Amino acid sequence: GESVGLHLPTLSVQEGDNSIINCAYSNSASDYFIWYKQESGKGPQFIIDIRSNMDKRQGQRVTVLLNKTVKHLSLQIAATQPGDSAVYFCAENTGGFKTIFGAGTRLFVKA
Amino acid sequence: DAGITQSPRHKVTETGTPVTLRCHQTENHRYMYWYRQDPGHGLRLIHYSYGVKDTDKGEVSDGYSVSRSKTEDFLLTLESATSSQTSVYFCAISPSAGELGDGYTFGSGTRLTVV
């Protein structure tokens, strides 16, 4: 499959545990944040998003937390499964079409 | 990747030749984007479109042009391919520009090798 990154930060978790993937964003003017998942050989897949006027948003087995004070975003995955193994990207948007993607974090789930 | 198709999936071309990549959507989304993905650089925006015949440059647009003559098709052209344009190219679509819940839908990508 396509090479996503050679030296990505890596998180390894046991199946069934909760995963927390962190992201520091750069622009204090960013008002919209998104998490994507990319499996080997595939395009990124939208997971969940949050706006700057929110601190927390929940989806199915996923929660995104936003801390604007320290410009930090996190993705929590509950009861991590082998199918969650992938590279996870955070992205920030300052309005309009300028969405900036982070370098990504590789998640390994051990059975 | 329901609703969005990229072609070709793989292409090898020679330096100096023009190359066109195609993105086709069946979602009737207004916004379309071309990104390239390279190790160490993540995803970078090349060009985007906010409607038929309405396009604009992204952060790495040099050496690329785009066209959108109808809602469903967004073409990316490398005018004269160079080795630095060897990459994986992704097309993405979205129904809005930054509305909650309207994250991008990406295609499966085109792996382009310029020799």
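Bear in mind the structure is a predicted one, so any value in this text is a computation, not a measurement. In what follows, every heavy atom counts, from backbone to side chain, and hydrogens, waters and symmetry copies are set aside. Residue numbers start from 1 in every chain, and the chains themselves are labelled A, B, ... in the order their sequence lines are given, proteins ahead of strands.
- A chain of hydrophobic side-chain contacts below 4.5 Å, direct or via other Ile, Leu, Val, Met, Phe, Trp or Tyr residues, connects A:Val87 to A:Phe46.
- Neither A:Leu65 nor A:Leu107 shares a network with the other; the hydrophobic side chains, linked directly or stepwise wherever heavy atoms of I, L, V, M, F, W or Y lie under 4.5 Å apart, form separate groups for each.
- Placement of A:Trp35 and A:Leu11 within a single hydrophobic cluster is found when ILVMFWY residues are connected by side-chain heavy-atom separations under 4.5 Å, directly or transitively.
- Among residues at least two apart or in separate chains, disulfide bond (SG atoms under 2.5 Å apart) pairs with a member in residues 8-107 of chain B are B:Cys23-B:Cys91.
- Between A:Phe89 and B:Gln37, some side-chain heavy-atom pair lies under the 4.5 Å cut-off.
- Residues B:Phe90 and A:Gln38 have side chains in contact (heavy-atom distance under 4.5 Å, counting atoms from C-beta outward).
- Annotation for A:Gln14: atom CD counts as buried by contact number, over 12 foreign heavy atoms lying within 6.0 Å.
- Between A:Tyr36 and B:Phe106, the ring center distance clears the sub-6.0 Å criterion.
- With 3.5 Å as the limit, one finds a donor-acceptor pair spanning the side chains of B:Tyr104 and A:Thr99.
- When every heavy atom of A:Pro44 is checked against every heavy atom of B:Leu43, the shortest pair comes out as CG-CD1, 3.8 Å.
- Partners of A:Ser52 according to the side-chain hydrogen bond (donor to acceptor under 3.5 Å, both in side chains) rule, which considers only residues two or more places apart in sequence or in another chain, do not exist here.
- Neither the backbone nor the side chain of A:Ile48 comes within contact range of chain B; no heavy atom of the residue lies under 4.5 Å from a heavy atom of that chain.
- When hydrophobic clusters are built by joining Ile, Leu, Val, Met, Phe, Trp and Tyr residues whose side-chain heavy atoms come closer than 4.5 Å, directly or via intermediates, B:Tyr31 is not grouped with A:Ile100.
- Contacts of residues 44-52 of chain B with chain A at a heavy-atom distance below 4.5 Å involve B:Leu45, B:Tyr48, B:Tyr50, listed in sequence order.
- Using a 4.5 Å cut-off between side-chain heavy atoms of Ile, Leu, Val, Met, Phe, Trp and Tyr, with links allowed through other members, A:Met54 and A:Ile47 fall into the same hydrophobic cluster.
- Among the residues in residues 95-102 of chain B, those with a non-hydrogen atom closer than 4.5 angstrom to a non-hydrogen atom of chain A are B:Ala97, B:Gly98, B:Glu99, B:Leu100, B:Gly101, B:Asp102.
- Remark: B:Glu59 CD is packed, more than 12 non-hydrogen atoms of other residues, nucleotides or ligands lying under 6.0 Å away.
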